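Have a look at the structure below, then the notes.
Treat the numbers as computed from the prediction; the structure is a model and nothing was measured.
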Amino acid sequence: MSEITDEIKVREEKLRNLKEAGIEPYPYSYDLKENISDIVKKYREKSEEELEKEEIETSTAGRIIAKRIMGGASFFHITNGKDKLQLYLKKNIVGNERYKLFKTFDLGDFVGVKGKLFKTRTGELTLVVEDFKFLSKCLLPLPEKWHGLQDKELRFRQRYLDLFINPESREIFEKRFKMIREIRRFLDSRDYIEVETPMMQPIPGGAIAKPFITHHNALNIDLYLRIAPELYLKRLLVGGFERVYEINRNFRNEGISSQHNPEFTMLEFYQAYSDFEDLIKLTEELFEYLINKGIASEKVNFEGNEIKLSPPFQKLDFIEAIAKYSPLSKEDILNKEKLIAHAVGLAGEDNLVPTYGKALDYVFDEYVKDNLIQPTFILNHPEEISPLSKPHRKMPGRTERFELFMAKMELANGFSELNDPDIQLQRFKEQVKDREAGDEEAHLIDYDYIKALQYGMPPAAGEGIGIDRLTMVITGTRSIKEVILFPLLKPKS
RNA sequence: GGCCCGUUAGCUCAGCUGGUAGAGCAUCUGACUCUUAAUCAGAGGGUCGCAGGUUCGAUCCCUGCACGGGUCACCA
């Protein structure tokens with residue numbers, strides 16, 4: 001991929017020179033006392049006098065990212081990707097030969113250094129190098145120091161460069177993974193247990209989406225990469241696990257956009273003896289928790305809008321939401337033929353399968369979604385678009401379901417779980433009709449799941465939260481590719 | 001998939017109505033023992049995304065393709 005430039009030749013030459021000088025360019029380890037971040041954290045606030053008095057001797061290691069070479073003394077910066085530390089190298093401390101050697105190290109090389117800490121005239125914490133060890137060679141030239149790596153394609157294809165060149169990028173991912181850690185702690189402290197369920201499923205279920213297909217040779221069967229873990233997690237409720245969650249990948253064979261990656265991370269959790277109202281409360285508590293832990297801010301700026309992440313969040317009935325933001329009346333929306341006609345009129349005949357479910361989805365997305373900037377629970381979805389939710393105890397034709405929207409995105413989806421096997425089978429059969437009407441994504445009948453329900457599933461509520469989108473909101477990022485370490489890109493030939 | 005934009009040195013970017021390319025950083029050589037976008041003096045580095053076309057002549061105009069970005073459609 002990379003052509004050999006003069007600079008690469010020089011770096012390769014330097015590598016050879018190291019070997020010839022008897023210096024191992026790829027040693028096995030370095031016995032460092034503290035990492036760069038610890039040093040910066042512990043000693044940054046100390047005064048020049050304190051440092052001088054305490055004579056703090058330490059050793060650390062990192063990648064060289066800046067060189068300022070002078071005749072008899074030079075300055076370098078090394079980084080661990082997060083923090084950087086200035087090094088001061090003096091000829092009369094390390095000796096002429098070693099000084100000359102260090103000067104040949106390139107930007108990107110790893111070094112281990114040992115010495116005392118002091119502050120320069122300008123007040124920067126600096127390590128006077130007394131001894132050093134070469135730790136690894138960087139053979140390719142690095143991006144530029146002022147602007148970093150700007151090219152989005154390179155940033156995604158060579159994320160490792162992005163991570164140690166662009167601190168903002170590094171921060172997004174640190175935040176993401178700390179958030180996931182806190183979510184685990186939040187659920188663990190509520191007696192949840194984290195489980196793993198199949199990624200490869202004979203019948204893809206639990207969501208409405210096109211799956212990836214793969215093949216198992218020994219069994220000679222096609223399998224589907226899961227589009228959701230839902231039906232397996234609910235089998236665990238049948239099996240006696242009362243509180244379970246899974247944080248893992250789902251795969252959907254659909255378009256790639258600023259909000260969609262073919263594989264994405266989902267938190268799904270199920271809680272026995274609870275209903276959708278309980279999970280609405282739990283969801284608000286989770287946001288509160290993430291704010292208290294310093295993961296999320298109370299307010300976040302997203303595309304110029306200030307989003308208030310601290311609960312409580314507003315609530316809006318699904319049908320009323322459409323009535324509010326569209327020219328349609330409640331009666332229009334509940335009238336199936338009329339709504340289908342309206343949706344088909346909007347979308348064009350070729351673009352919409354004429355089922356009530358598809359029409360509902362379509363008008364909701366068309367009229368409502370872009371208005372949902374502040375966190376909003378959309379409630380009580382119609383049965384036609386909620387094949388796995390329990391019928392609403394007060395509203396006929398509706399289900400006990402909620403979706404949490406913010407920043408024009410769906411972040412969470414939860415409901416009281418349908419545990420009546422007869423109704424569930426009936427709903428699956430209605431999905432089959434939709435499939436016959438041309439809806440390729442309608443749910444398939446999973447008889448094995450029905451069988452599990454026939455053994456009895458306790459009343460329960462479950463919810464899925466999109467981890468990538470949650471990261472986007474918390475970090476104020478517009479593109480899902482910015483929050484996925486290695487987003488899917490077309491391979492470059 | 002449609003439309004719009006981008007692709008020029010390792011990186012970040014200029015490049016006028018078409019006359020075979022420039023800067024900064026990085027690299028190399030030299031000077032410099034508190035620099036921090038270090039400084040000073042010099043040097044090297046390019047199949048202008050790919051393939052065609054128009055033209056005496058194309059980085060520039062046209063067509064196609066590739067990859068990326070944005071947007072719409074699709075997608076819970």
Side-chain angles (χ1 to χ4, degrees), chain A residues 2-11 13-14 48 65-77 84 86-94 99 104 106-108 118-126 128 138-158 161 165-166 206-210 227-228 250 252-262 264 266 346-348 350-353 357-358 360-362 364-366 369 378 381 385-387 401 403-405 409-413 440-441 464 466 469 478-479 481 487 489-493:
Chain A
S2 49
E3 283 102 85
I4 305 299
T5 64
D6 289 350
E7 184 172 350
I8 294 171
K9 280 184 200 147
V10 168
R11 284 175 181 243
E13 168 97 46
K14 285 177 177 175
E48 211 176 319
I65 46 154
K67 310 186 350 180
R68 288 180 293 281
I69 290 175
M70 292 174 290
S74 299
F75 289 92
F76 299 81
H77 271 114
K84 54 182 190 172
Q86 183 167 251
L87 305 180
Y88 185 40
L89 228 89
K90 271 178 113 165
K91 193 192 270 183
N92 56 9
I93 291 180
V94 295
Y99 182 70
T104 67
D106 287 309
L107 295 184
F118 79 110
K119 282 213 166 160
T120 60
R121 272 179 211 154
T122 49
E124 179 167 352
L125 183 70
T126 301
V128 197
C138 173
L139 288 170
L140 300 177
L142 296 187
E144 196 229 10
K145 64 182 172 185
W146 305 350
H147 306 90
L149 186 63
Q150 295 296 320
D151 188 304
K152 281 191 199 240
E153 190 174 348
L154 289 182
R155 288 186 44 235
F156 300 149
R157 287 191 196 279
Q158 294 178 270
L161 281 180
I165 296 286
N166 299 326
I208 295 170
K210 292 186 196 113
I227 55 176
N250 289 343
R252 299 190 183 174
N253 205 340
E254 284 159 1
I256 295 173
S257 79
S258 60
Q259 285 169 40
H260 300 86
N261 194 61
F264 62 99
M266 186 85 135
L346 271 181
D350 300 337
N351 300 321
L352 192 76
V353 181
K358 281 279 166 191
L360 282 167
D361 272 338
Y362 189 80
F364 185 87
D365 280 356
E366 196 67 14
K369 203 159 119 188
I378 296 294
H381 300 59
I385 53 172
S386 313
R401 179 176 172 194
E403 287 180 302
L404 176 61
F405 282 85
M409 291 189 289
E410 182 201 341
L411 251 80
N413 176 24
E440 287 175 56
E441 293 169 351
R469 289 181 181 180
R478 291 181 304 286
S479 164
K481 289 191 176 74
L489 299 181
K490 211 164 175 176
K492 229 167 184 171
S493 48

Next item on the list: Check whether any side-chain nitrogen or oxygen of A:Lys481 sits under 4.0 Å from OP1 or OP2 of B:rG69, and answer yes or no.
Entry: yes
Margin query: I'd like to know whether A:Arg11 forms a salt bridge (charged side-chain N to carboxylate O under 4.0 Å, His left out) with A:Glu7, so could you lay out the CA-CA distance, the side-chain angles of the two residues, the decisive distance to 0.1 Å, and finally the verdict.
Written below: CA-CA 6 Å; A:Arg11 284 175 181 243; A:Glu7 184 172 350; 3.4 Å; yes
Checklist line | Sequence-aligned protein contact record of nucleotides 26-32 of chain B, with B where the base is within under 4.0 Å of a protein heavy atom and S where only the sugar-phosphate is | finding: SSS---B
Margin query: Work out how far the P atom of B:rG53 is from that of B:rU7, and round it to whole angstrom.
Written below: 24 Å
Item checked: For B:rG1, the Watson-Crick or wobble counterpart (both distances under 3.5 Å) -> B:rC72
Next item on the list: Give a yes/no on whether any side-chain N or O of A:Arg68 is located under 4.0 angstrom from OP1 or OP2 of B:rA38.
Entry: yes
Next item on the list: Quickly work out the A:Leu346 CG to B:rC74 P distance and round it to whole Å.
Entry: 10 Å
Check: Which nucleotide sits closest to the side chain of A:Trp146: B:rC25, B:rC74, B:rC34?
Finding: B:rC25
Note to self: When both hydrogen-bonding distances must be under 3.5 Å and the geometry is Watson-Crick or G-U wobble, what is B:rA41 paired with, if anything?
What the structure shows: B:rU29
Next item on the list: Tell which nucleotide pairs with B:rC65, taking only Watson-Crick or G-U wobble pairs whose two distances are both under 3.5 angstrom.
Entry: B:rG49
Note to self: Using atom C1' in both nucleotides, what's the gap between B:rG45 and B:rA23 to the nearest angstrom?
What the structure shows: 14 Å
Next item on the list: Between B:rA37 and B:rG18, how far apart are the P atoms? Round to whole Å, please.
Entry: 42 Å
Next item on the list: Kindly write out the residues that satisfy ring pair (Phe, Tyr, Trp, His ring centres under 6.0 Å) with A:Phe75, not counting sequence neighbours, or none if the list is empty.
Entry: A:Tyr88
Check: On a whole-Å scale, what distance lies between the P atoms belonging to B:rC50 and B:rU55?
Finding: 23 Å
Item checked: Polar side-chain contact A:Gln86-B:rU35 base: donor and acceptor under 3.5 Å -> yes
Notebook entry, point to check: If we take the P atom in both B:rG19 and B:rC25, what is their distance in whole Å?
Noted result: 28 Å
Margin query: Using the C1' atom as the point on both nucleotides, what is the distance between B:rU17 and B:rA58, in whole Å?
Written below: 14 Å
Notebook entry, point to check: If you check the A:Leu149 side chain, which of B:rC67, B:rU12, B:rC74 turns out closest?
Noted result: B:rU12
Check: Base, sugar-phosphate alone, or nothing: which one does A:Tyr362 contact when heavy atoms must sit under 4.0 Å apart?
Finding: sugar-phosphate
Margin query: Pairing check on B:rC60: which nucleotide meets the Watson-Crick or G-U wobble criteria with it, both distances under 3.5 Å?
Written below: none
Check: If you check every side-chain atom of A:Lys490, which of B:rA38, B:rG70, B:rG68 has the closest atom?
Finding: B:rG68
Notebook entry, point to check: Would you say A:Arg157 reaches B:rG68's phosphate, i.e. side-chain N/O to OP1/OP2 under 4.0 Å?
Noted result: yes
Margin query: Just verifying a value: how many Å separate A:Ile385 CD1 and A:Glu403 CD, rounded to the nearest 0.5 Å?
Written below: 7.0 Å
Note to self: Using the side-chain heavy atoms of A:Ser258, tell me which of these nucleotides is nearest: B:rU71, B:rU33, B:rC34.
What the structure shows: B:rU71
Next item on the list: Under 4.0 Å between any heavy atoms, over every strand shown, what does A:Gln150 touch: base, sugar-phosphate, or nothing? Just pick one.
Entry: sugar-phosphate
Next item on the list: Could you check A:Ala207 against A:Arg121 and say which one's nearest nucleotide on RNA chain B is further toward the 5' end?
Entry: A:Arg121
Checklist line | C1'-based separation of B:rG46 from B:rC62 [nearest Å] | finding: 25 Å
Item checked: B:rA23: pairing nucleotide in any strand, Watson-Crick or G-U under 3.5 angstrom -> B:rU12
